[in-house]
Amino acid sequence: MGEDQSMMRVMEQAPAPSAGPGLHHADGSPVRVLVVDDEPSLAELLSGVLRYEGWEIRTAGDGSSAVRTAREFRPDAIVLDIMLPDFDGLEVMRRVRASLPHVCVLFLTARDSVQDRVSGITAGGDDYVTKPFSLEEVLARLRGLLRRAGMTRTSSGTELTVGDLTMDEDAREVRRGGDLIDLTATEFELLRFMMRNPRRVLSKAQILDRVWNYDFGGQAHVVELYISYLRKKIDTGREPVIHTVRGVGYVLKPSA
């Protein structure tokens, strides 16, 4: 069922989870998560937070599309609303598990009775959160499920790498081709967001929301300004890794 406005306000006001060391498969490929909810704004909000972990995300708005997407996408985990327009999340899980028996399932439910919670778990769900919930809680539960399932490992150390560009998050050091690059705190956060989403086109609105934590409205030129700062420090005299996608945003990708 669609969430009421008060629930959405709680979700929108919740602080975005801080990004920890990302989980990924042993071969380095990203974790795949399917978000299933018939409320588009909620699905988009959850997807954005999970993508910030560097995970690959797909969404579905009803049971039929959820089952179809799961069979094609083969997710490691599903964030699954119990109440859906056609058939419920329990049935979605049953059908998906027929072909993906080890997929982790985190139920979302607006119900808060003990019986409803027990039904989801006894039917085979791995965990649940009750609406309204914090984004941090959903992310923490997913991380826990994936670790316990033994399908993922944590990146060694806290180093991000895109081509010859590296970032040590703990030491807050950035190097390009081994050369140390001095960044301000804001430049560092902007670059970290881009390095956590390599090859993904990021809009100015997404960057503003994640790096500055609020919408500047008509002052989106602040993103252009800081992108220009980063380019001067990272790309000058080298093959560029920061690219503009005209009319859309910016993308960080290794130089050819």
* To do: Provide the closest heavy-atom pair for Pro30 versus Trp55 in the form atom of the first, atom of the second, distance.
  => CB-CA, 4.4 Å

* Return the minimal non-hydrogen interatomic distance between Gln206 and Leu202, and the atom names on each side. => OE1-CA, 3.4 Å

* Can you sort out the partners of Ala171 under side-chain contact (heavy atoms from CB on, under 4.5 Å), two or more places apart, ordered by chain and number? => Asp168, Glu173

* **Point-to-point distance, once rounded to the nearest 0.5 Å, from CE of Met93 to CD1 of Ile82** => 8.5 Å

* Quick one: does Thr236's side chain have a donor or acceptor within less than 3.5 Å of a partner on Lys233's backbone? -> no

* Asked: Under the salt bridge (charged side-chain N to carboxylate O under 4.0 Å, His left out) test, which residues partner Arg172, sequence neighbours left out?
  -> Glu189

* Could I get the full list of side-chain contact (heavy atoms from CB on, under 4.5 Å) partners for Arg199, not counting sequence neighbours? => Lys253, Pro254

* Cationic N near anionic O, under 4.0 Å, Asp37 to Lys131 -> yes

* To do: Only counting residues at least two apart or in another chain, list the ones meeting ring-ring contact (aromatic ring centres under 6.0 Å, His included) with Tyr229.
  => Tyr226

* Asked: Within a strict 4.5 Å, meaning less than it, do heavy atoms of the Tyr128 and Leu108 side chains meet?
  -> no

* Asked: Can you get from Met194 to Val201 by hopping between Ile, Leu, Val, Met, Phe, Trp and Tyr side chains that sit under 4.5 Å apart?
  -> no

* State, yes or no, whether a side-chain contact exists between Val248 and Thr244 at a heavy-atom distance under 4.5 Å. => no

* With sequence neighbours left out, write down each residue that passes side chain to side chain donor-acceptor pair (under 3.5 Å) with Arg71, or none if nothing qualifies. => none

* Dump the intermediate steps for side chain to side chain contact (heavy atoms under 4.5 Å, CB included) on Leu190 and Ile227, then the final yes or no. => CA-CA 8 Å; Leu190 172 56; Ile227 288 289; 4.1 Å; yes

* Examine distances only and state if a side-chain atom of Asp76 and a backbone atom of Arg32 form a donor-acceptor pair shorter than 3.5 Å. => yes

* What's the spacing between Tyr250 OH and Ile207 CD1 if we round to 0.5 Å? -> 7.0 Å

* Structure fact -> Between the CG atom in Leu34 and the CG atom in Leu80, the distance rounded to the nearest 0.5 Å is 8.0 Å

* **Reference residue Val241; test side-chain contact (heavy atoms from CB on, under 4.5 Å); the match among Ile234, Val251, Val162, Leu230** => Ile234

* **Residues which pass salt bridge (charged side-chain N to carboxylate O under 4.0 Å, His left out) with Asp235, listed by chain and number, not counting sequence neighbours** => Arg176

* Asked: Does the side chain of Val36 come within less than 4.5 Å of Asp81's, by heavy atoms?
  -> no

* **Closest contact, heavy atoms only, Phe133 versus Thr130** => CB-O, 3.7 Å

* Who are the side-chain contact (heavy atoms from CB on, under 4.5 Å) partners of Ser47, not counting sequence neighbours? -> Val35, Arg51, Ile57, Thr59

* Asked: What's the verdict on side chain to side chain contact (heavy atoms under 4.5 Å, CB included) for Phe107 and Leu90, showing C-alpha distance, side-chain angles and the deciding distance?
  -> CA-CA 9 Å; Phe107 279 120; Leu90 299 177; 3.6 Å; yes

* **salt bridge (charged side-chain N to carboxylate O under 4.0 Å, His left out) against Arg200, all qualifying residues, sequence neighbours excluded** => none

* **Glu136 and Ser134 side chains, donor-acceptor separation under 3.5 Å** => no

Pairs under 3.5 angstrom only: tabulate donor-acceptor contacts from the side chains of residues 178-186 to other protein residues two or more places apart or in another chain.
{"unit_1": "Asp179", "atom_1": "OD2", "unit_2": "Arg238", "atom_2": "NH2", "d": "3.3"}
{"unit_1": "Thr184", "atom_1": "OG1", "unit_2": "Glu187", "atom_2": "N", "d": "3.2"}
{"unit_1": "Thr184", "atom_1": "OG1", "unit_2": "Glu187", "atom_2": "OE1", "d": "3.4"}

* Structure fact -> Applying ring-ring contact (aromatic ring centres under 6.0 Å, His included) to Phe73 and not counting sequence neighbours gives none

* Contact check, side chains of Arg74 and Leu100, non-hydrogen atoms, under 4.5 Å -> yes

* Structure fact -> Here the gap from Leu46 atom CG to Leu50 atom CG, rounded to the nearest 0.5 Å, amounts to 6.0 Å

* Atom CZ of Arg192 and atom CE of Met167: how far apart are they, to the nearest 0.5 Å? -> 6.5 Å

* **CD1-CG distance between Ile78 and Leu142, expressed to the nearest 0.5 angstrom** => 11.0 Å

* To do: Under the salt bridge (Lys or Arg N to Asp or Glu O under 4.0 Å) rule, what do Arg196 and Glu169 come out as? Steps first, then yes or no, please.
  => CA-CA 11 Å; Arg196 283 189 169 274; Glu169 294 182 281; 3.1 Å; yes

* Asked: Are any non-hydrogen side-chain atoms of Asn197 and Tyr52 less than 4.5 angstrom apart?
  -> yes

* Asked: Can any side-chain N or O of Asp126 pair as donor or acceptor with the backbone N or O of Val105 at less than 3.5 Å?
  -> yes

* Pairing residues for Glu44 by the salt bridge (charged side-chain N to carboxylate O under 4.0 Å, His left out) criterion, not counting sequence neighbours -> none

* **Val31 vs Val33 side-chain heavy atoms within contact, under 4.5 Å** => yes

* Would you check if Val103 and Pro75 make a side-chain contact, meaning some heavy-atom pair closer than 4.5 Å? => yes

* Structure fact -> For residues 82-91, the salt bridge (charged side-chain N to carboxylate O under 4.0 Å, His left out) pairs (sequence neighbours left out) are Glu91-Arg94, Glu91-Arg95

* Asked: Judged by atom type as modelled, is there a donor-acceptor pair below 3.5 Å linking the side chain of Ser99 to the main-chain atoms of Val96?
  -> yes

* Asked: Got Arg143 and Glu53 here, is their nearest side-chain heavy-atom distance under 4.5 Å?
  -> yes

